[in-house]
Amino acid sequence: MIMSRIEASIVKSAATTGNLVDRLLSGLPPEAVLTDPDITASYANDMASFCEAGTPAVVVLPRTVEQVQHVMRTATDLRVPVVPQGARSGLSGGANASEGCIVLSLTKMDRILEINPVDRIAVVEPGVINATLSRAVNEHGLSYPPDPSSWEMCTIGGNIGTASGGLCCVKYGVTAEYVLGLDVVLADGRLMSTGRRTAKGVAGYDLTRLFVGSEGSLGIVVRAILALKPQPPQQLVLAAEFASAAAACDAVCRIMAGGHVPSLLELMDRTTVKAVNDLAGMGLPETTEALLLAAFDTPDPAADLAAVGALCEAAGATQVVPADDAAESELLLQARRLALTALEAVKGTTMIDDVCVPRSKLGELIEGVERIAGKYDLTIGVCAHAGDGNTHPTVCFDAADPDESRRARESFDEIMALGLELGGTITGEHGVGILKKEWLAREIGPVGMEMQRAVKAVFDPLGILNPGKLF
């Protein structure tokens, strides 16, 4: 009997997968190697829309560095692609499976190895949840400032892979500023250490920074040395209502130009405020066109809030309400953290943009997004880390409606084009992944792309690490 080409392909694929699994099991416990298609399929995607994903050949959940090295040696020997994953809370398709790949889930490597109050560092494995680390270091009077909105589920390894930000970036900066050193398993299984434990260090090229934001395309982070800060005083929050987004953005410019250093400066437009109220009944003022939240964690936050409140009023705020205590402050912050979930509930599916522009151009971007929403007849809510110009225009659409889905994708691209026109960047904290590959090329240009590919080739000459992402 002569098999068809399709049948022969299936037999060959099964044989290859069987060999791969056998090789993996030679250095991994059986419970760490998942092959049930119903289970492996659940590891195929992160949380991004419009990003293709393949079918994994196998999912591996290592617990040790040696096990990760075994996986990479096997992958190199068999020329099998490897897609590293954390909690899959990403929004750019960067953790999506490639066809026939090994999904390398690092969620089981979740130990906090050290917290050192003298050196002000923590040493952690990549699967540690952001919020878990934050609470652990708080017990030592320290803080780990990076706090993505998904901090209760996202992992430190994922944060490093995408160079995540969060609500506190305006004062404390992004993940990259807290990664002092890394242990990385390279594509061929070798283990490399970068960086330092010391407060200062400039020996050689800064390979640590190179890996931060590389989206698993250069190596597998298996350990991280993170800088910590002294735990700040409890912050207080102020809410200011504005009759226009332009007025709110004017207030942001006045606050930053005035030399103030808020621990948080967030903006929610009318659409976002309504969505949060509809979802959670937060009681936010739906008569406002823009709601600005400012926080200070200084020794005298009330005085700082008073000064910022005066600037908001000068910019045209219709109402300024400072929180009386920590509980009221946390309620306001919870409303902001619910923004993306609430917008998803509007139509069932969202595309979350991540355009970052100079603060002085923030108003122009938000006005442009409003025009784009009208042009495509879509609901687009905007929430923003206004203090650093990082906006999240969120396109709400019905994925079951082909025409609406098309308009959603076109509007998303138009927002990114607007961000570049305003001197911004296509991503402030979510990464490139699959979703923004063509836009990376537009932003950095052909010479930049050539150099990026050259760096990739040095670390991953076979191209097996997270293929199809970034370029």
Side-chain angles (χ1 to χ4, degrees), residues 112 115-117 119-124 128-152 154-156 158-181 195 199-200 208-209 212-213 224-238 252 255-267 292-301 304-305 308 326 329-330 332-334 336-337 354 356 358-359 362 383-392 425 427-431:
I112 298 174
I115 297 173
N116 188 318
D119 294 333
R120 293 182 181 171
I121 61 169
V123 182
V124 306
V128 172
I129 300 296
N130 185 295
T132 301
L133 175 62
S134 294
R135 293 182 181 118
V137 301
N138 286 167
E139 295 177 4
H140 296 265
L142 299 167
S143 74
Y144 178 67
D147 63 341
S149 295
S150 58
W151 76 307
E152 291 282 6
C154 64
T155 63
I156 295 299
N159 294 169
I160 291 170
T162 57
S164 298
L167 304 187
C168 71
C169 295
V170 62
K171 180 174 182 178
Y172 293 106
V174 296
T175 296
E177 296 169 57
Y178 293 87
V179 182
L180 297 178
K200 299 192 299 184
T208 302
R209 278 288 186 120
V212 178
I225 303 170
L226 305 174
L228 305 175
K229 298 282 188 183
Q231 189 171 4
Q234 179 67 52
Q235 66 181 358
L236 285 181
V237 179
L238 169 148
V252 171
I255 291 166
M256 301 309 294
H260 298 281
V261 187
S263 55
L264 172 149
L265 191 57
E266 298 286 308
L267 183 146
L292 189 65
L293 303 178
F296 285 88
D297 56 7
T298 53
D300 187 6
D304 290 307
L305 289 183
V308 164
S329 294
E330 183 53 37
L332 289 169
L333 295 185
Q334 182 62 22
R336 169 60 185 88
R337 291 191 181 105
D354 180 32
C356 189
R359 297 185 192 99
L362 186 60
C383 54
H385 309 307
D388 51 30
N390 193 178
T391 68
H392 296 306
T425 176
T427 175
E429 58 187 4
H430 291 172

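Computed over heavy atoms, backbone and side chain alike; hydrogens, waters and symmetry mates excluded.
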Looking at [Y], is its backbone amide N or carbonyl O close enough to the side chain of [X] to form a donor-acceptor pair, meaning the two atoms are under 3.5 Å apart?
X      : Y      : value
Asn138 : Leu142 : yes
Ser164 : Pro148 : no
Glu429 : Gly166 : yes
Asp147 : Leu167 : yes
Thr391 : Ala384 : no

Q) Run the side chain to side chain contact (heavy atoms under 4.5 Å, CB included) check on His430 and Thr162 step by step: do they pass? A) CA-CA 6 Å; His430 291 172; Thr162 57; over 6 Å; no

Q) When rounded to the nearest 0.5 angstrom, what distance separates OG1 in Thr298 from CG in Asp304? A)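 The distance works out to 3.5 Å.
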
How close do [X] and [Y] get, heavy atom to heavy atom, and via which atoms?
X      : Y      : answer
Gly431 : Asp354 : N-OD2, 4.2 Å
Ala326 : Gln234 : CB-CG, 3.6 Å
Leu305 : Ala294 : CD2-O, 3.7 Å
Leu236 : Ser329 : CA-OG, 3.4 Å

Contact check, side chains of [X] and [Y], non-hydrogen atoms, under 4.5 Å:
X      : Y      : result
Cys169 : His385 : no
His140 : Arg120 : no
Asn130 : Ile156 : yes

Q.
Side chains of Asp297 and Tyr172: any donor to acceptor distance under 3.5 Å?
A.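 Per modelled atom types, Tyr172 and Asp297 side chains form a pair under 3.5 Å.
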
